[in-house]
Every structure is written in structure tokens, then in C-alpha cells.
Amino acid sequence: MGFTTIAATAIPQLFQAAASVQQSRALKKTASAQQQLANQQAAAIENTAAENQRRAARNAEARLSSARADASASNLVAEGSVAVRERDLATRLQDEITANANAALGQAVDVRRQGELNAWQTRQQARQSLVQGIGSAVGGVGSLFSGISSQLSKKS
């Protein structure tokens, strides 16, 4: 077994090691990008929720004003059932605004958590690729030394 044969067995393993290390680096970058994208998506959801909440509050105020105007036009006294209906409407509208905001914020949290999970899984793949690269490198170096050792043994 000559040096050519030794190199032919060791070099592919060393190339595999280099490829695995490169793959590990690429996966780490991908994990970072995944998490950044998830954070951006969650922030967009939160911003949209805040804007929707402001819009809903303005609409609620308009609806309450309309209800007050209707009650005034009907010559009803602003006591008793009119006040109760107005309070109920205000409560219902506020509950609706709060529920919508909470749902959107929950969705943002879910997006962030999914992004974190995806990034973690990708980082695990990067670690696995790195370990495979190290294994290939050790195997290639081992093959190289084994071949050199057997060549030296034959010459002795």
C-alpha cells in the first residue's frame, strides 16, 4: 500500500470533515436568521395589534356617543335603564377590545416561541454536523497514520 493509496483513503474523509464544518457554520447562520425573522414577525403582529386597539377604542367611543345621542333624542332621562345600557355597551366594547388585543399578543408569543424552537433545532443540526466533521477528520487522520505506520512496518 503506497502513499497514493493512503492518501486516497484519508483525503475523502478530510474533505467530508471540511464540508461538515462548513455545513455547521451555515446552519448556525440559518438559526440566527430564523430567530430574527420570528422576532420581526412577532413585532409586526404586536404593532398591528396596538394600532387595531387604538382604532377599536376610537370606534367604541363613536358607538357610545351615538348611543348617548339616541338616548337624548328619545327624550329618555339619563338615569336608570339608559345609564345601565350605556355602561353595558361600554363594558362589552372594552371587553371586545381587550380580547382582540390579548389574542394578537398571544399570537406574537406563539410566533416567537416557534422561532426559538426552529432556531434551537437548527443549532442542534449544526452541532451534529460539527461532530460528524470532527469524526470524519479523526477518521481521516487515523487512516493516514495507519497507512504511514503500515508502510514504515513493511520497510523495516
If I compare all heavy atoms of Ala137 with all of Ala17, which pair ends up nearest, and what's the gap?
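Nearest pair, atom of Ala137 first, then Ala17: N-CB, 3.4 Å.
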Going hydrophobic residue to hydrophobic residue with side-chain gaps under 4.5 angstrom, can you get from Ile134 over to Val21?
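Yes, Ile134 and Val21 fall within the same hydrophobic cluster.
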Give the cluster check for Leu130 versus Val138: same hydrophobic cluster or not, with ILVMFWY residues linked at side-chain heavy-atom distances below 4.5 Å.
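Same hydrophobic cluster.
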Quick one: pull up CZ in Arg58 and CZ in Arg63 and give me the separation to the nearest 0.5 Å.
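The CZ atom of Arg58 sits 15.0 Å away from the CZ atom of Arg63.
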Quick check for you: to the nearest 0.5 Å, what is the distance between Gln128 atom CD and Gln125 atom CD?
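It comes to 7.5 Å.
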Tell me, please, which residues at least two apart from [X] pass side chain to side chain donor-acceptor pair (under 3.5 Å).
| X | value |
| --- | --- |
| Gln53 | none |
| Gln132 | none |
| Asn52 | Arg55 |

Acceptor/donor pairs from residues 89-105 side chains to any protein atom, 3.5 angstrom cut, sequence neighbours excluded:
from: Thr91; atom 1: OG1; to: Arg87; atom 2: O; distance (Å): 2.9
from: Gln94; atom 1: NE2; to: Thr98; atom 2: OG1; distance (Å): 3.2
from: Thr98; atom 1: OG1; to: Gln94; atom 2: O; distance (Å): 2.9
from: Asn100; atom 1: ND2; to: Glu96; atom 2: O; distance (Å): 3.3
from: Asn102; atom 1: ND2; to: Thr98; atom 2: O; distance (Å): 3.4

Which atom pairs, one a donor and one an acceptor, fall under 3.5 Å between side chains of residues 22-29 and the rest of the protein, sequence neighbours left out?
from: Gln23; atom 1: OE1; to: Ser129; atom 2: OG; distance (Å): 3.2
from: Ser24; atom 1: OG; to: Ala126; atom 2: O; distance (Å): 2.9

Please report the C-alpha distance between Thr30 and Gln34 in whole Å, then the side-chain angles of each, then the deciding distance to 0.1 Å, and finally whether the side chain to side chain contact (heavy atoms under 4.5 Å, CB included) criterion is met.
CA-CA 6 Å; Thr30 300; Gln34 284 174 330; 4.2 Å; yes
Stepwise side chain to side chain donor-acceptor pair (under 3.5 Å) test for Gln114 and Asp110:
CA-CA 6 Å; Gln114 186 62 48; Asp110 290 345; over 6 Å; no
Do Glu61 and Ser65 have side-chain heavy atoms sitting under 4.5 Å apart?
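Yes, at least one pair of side-chain atoms sits under 4.5 Å.
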Which donor-acceptor pairs under 3.5 Å do the side chains of residues 36-51 make with protein atoms, sequence neighbours left out?
from: Asn39; atom 1: ND2; to: Gln35; atom 2: O; distance (Å): 3.4
from: Glu46; atom 1: OE1; to: Arg112; atom 2: NH2; distance (Å): 3.4
from: Glu46; atom 1: OE2; to: Arg112; atom 2: NH1; distance (Å): 2.8
from: Asn47; atom 1: ND2; to: Ala43; atom 2: O; distance (Å): 3.3
from: Thr48; atom 1: OG1; to: Ala44; atom 2: O; distance (Å): 2.9
from: Glu51; atom 1: OE1; to: Arg54; atom 2: NE; distance (Å): 3.4
from: Glu51; atom 1: OE1; to: Arg54; atom 2: NH2; distance (Å): 3.0

